[in-house]
Amino acid sequence: KNDEALIFFTSGSTSEPKPVLHTNASLLWSADNFPLIPGTRNTLCFMPNFHVLQTFQNFLIPLVHGFGCSIHGDDATVSISPRLLLSACAALEPTTIDTVPFIMTEWSTMSEDELLPLRGCAAVRSGGAPLPIAVAARLKSAGINVQTHYGQTEAPGMQLLTVPSA
């Protein structure tokens, strides 16, 4: 259980990026204690495959809890975009989506009809940077359950989950 399992690198937001070693035990503990929404059937995390949240949300938690995960193939010919994520959401019907404020800011400029796939998600979560309150308010007014989260590379997954107030 204390064998070395993965090395993630911090973002470097406070200094140079640093390697963080995780053991099997630390990863399993985090997955076991992750706040899942009851009835979770799959998740969709729209971040690079090397990102700690992508690895945790789309691989480790589904493996431990036995539900589906969806992965972006990092195909250089496919441009990651807010509309691509909406189409993936419509096709895959995830319980939760995790993405970044840039994507949610773009969504906030779209019509309610375009945002319809997001209304079927139990939670649409933003992390990695602050989500502007106006963006959260606009998406909430479209019937989307917006949440923000914060996590550290040293503890994979989110440690703080909030619902932004408008």
Side-chain angles (χ1 to χ4, degrees), residues 6-14 17 20 31 34-37 39-63 65 67-153 156-166:
L6 289 173
I7 296 175
F8 291 112
F9 282 81
T10 62
S11 66
S13 59
T14 58
V20 177
F34 189 83
L36 287 176
I37 292 173
T40 294
R41 58 190 176 278
N42 65 352
T43 62
L44 179 58
C45 184
F46 210 62
M47 294 181 185
N49 287 332
F50 61 80
H51 190 278
V52 64
L53 187 58
Q54 173 76 356
T55 301
F56 194 72
Q57 188 81 351
N58 272 357
F59 295 115
L60 298 176
I61 292 175
L63 285 172
H65 294 281
F67 57 81
C69 65
S70 306
I71 320 164
H72 183 270
D74 279 345
D75 183 343
T77 64
V78 177
S79 176
I80 295 175
S81 71
R83 291 194 186 280
L84 177 62
L85 182 51
L86 281 175
S87 66
C89 181
L92 300 169
E93 300 179 344
T95 305
T96 60
I97 294 178
D98 286 275
T99 190
V100 293
F102 163 76
I103 298 285
M104 295 182 88
T105 298
E106 290 294 314
W107 285 342
S108 72
T109 66
M110 297 179 183
S111 72
E112 289 198 19
D113 286 344
E114 292 174 295
L115 297 174
L116 194 58
L118 299 176
R119 293 177 67 187
C121 297
V124 178
R125 299 174 177 153
S126 176
L131 181 66
I133 294 296
V135 170
R138 163 66 180 99
L139 294 173
K140 283 181 174 182
S141 74
I144 299 164
N145 181 16
V146 176
Q147 299 176 348
T148 59
H149 58 76
Y150 173 78
Q152 296 175 318
T153 305
M158 63 187 80
Q159 283 76 52
L160 177 64
L161 180 64
T162 62
V163 176
S165 58

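Small disclaimer: the values here were computed from a predicted structure and weren't measured.
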(Q) Quick check for you: to the nearest 0.5 Å, what is the distance between T99 atom OG1 and R125 atom CZ? (A) 13.0 Å
Q: Could you grab the distance from atom CG of D98 to atom CD1 of I103, nearest 0.5 Å is fine?
A: 12.5 Å
Q. What closest approach, in Å, do A123 and I37 show between heavy atoms, and which atom pair accounts for it?
A. CB-CD1, 3.7 Å
Q.
For L60 versus A31, what's the shortest heavy-atom pair and its separation?
A. O-CB, 4.5 Å
Q: Using a 4.5 Å cut-off on heavy atoms from C-beta on, say whether the side chain of T96 contacts that of Q147.
A: no
Q) Residues in side chain to side chain contact (heavy atoms under 4.5 Å, CB included) with A90, at least two apart? A) P117
Q. Rounded to the nearest 0.5 Å, what separation is found between the CG atom of L116 and the CD1 atom of I144?
A. 9.0 Å
Q) Are side-chain heavy atoms of P101 and V135 found at a separation under 4.5 Å? A) no
Q) Under the salt bridge (Lys or Arg N to Asp or Glu O under 4.0 Å) rule, what pairs show up with a residue in residues 103-119, not counting sequence neighbours? A) R83-E114
Q | Donor-acceptor contact below 3.5 Å, side chain T95 vs main chain R41 | A | yes
Q. Do L139 and L115 touch side chain to side chain, with heavy atoms closer than 4.5 Å?
A. yes
Q. Just by distance, do the side chain of R138 and the backbone of W107 share a donor-acceptor pair under 3.5 Å?
A. no
Q | Within-4.5 Å side-chain heavy-atom neighbours: T43 and P94 | A | no
**Q.** Closest approach of M104 to V146 (non-hydrogen atoms, all atoms of both residues)
**A.** CE-CG1, 3.8 Å
Q: Kindly write out the residues that satisfy side chain to side chain contact (heavy atoms under 4.5 Å, CB included) with A88, not counting sequence neighbours, or none if the list is empty.
A: L44, L92
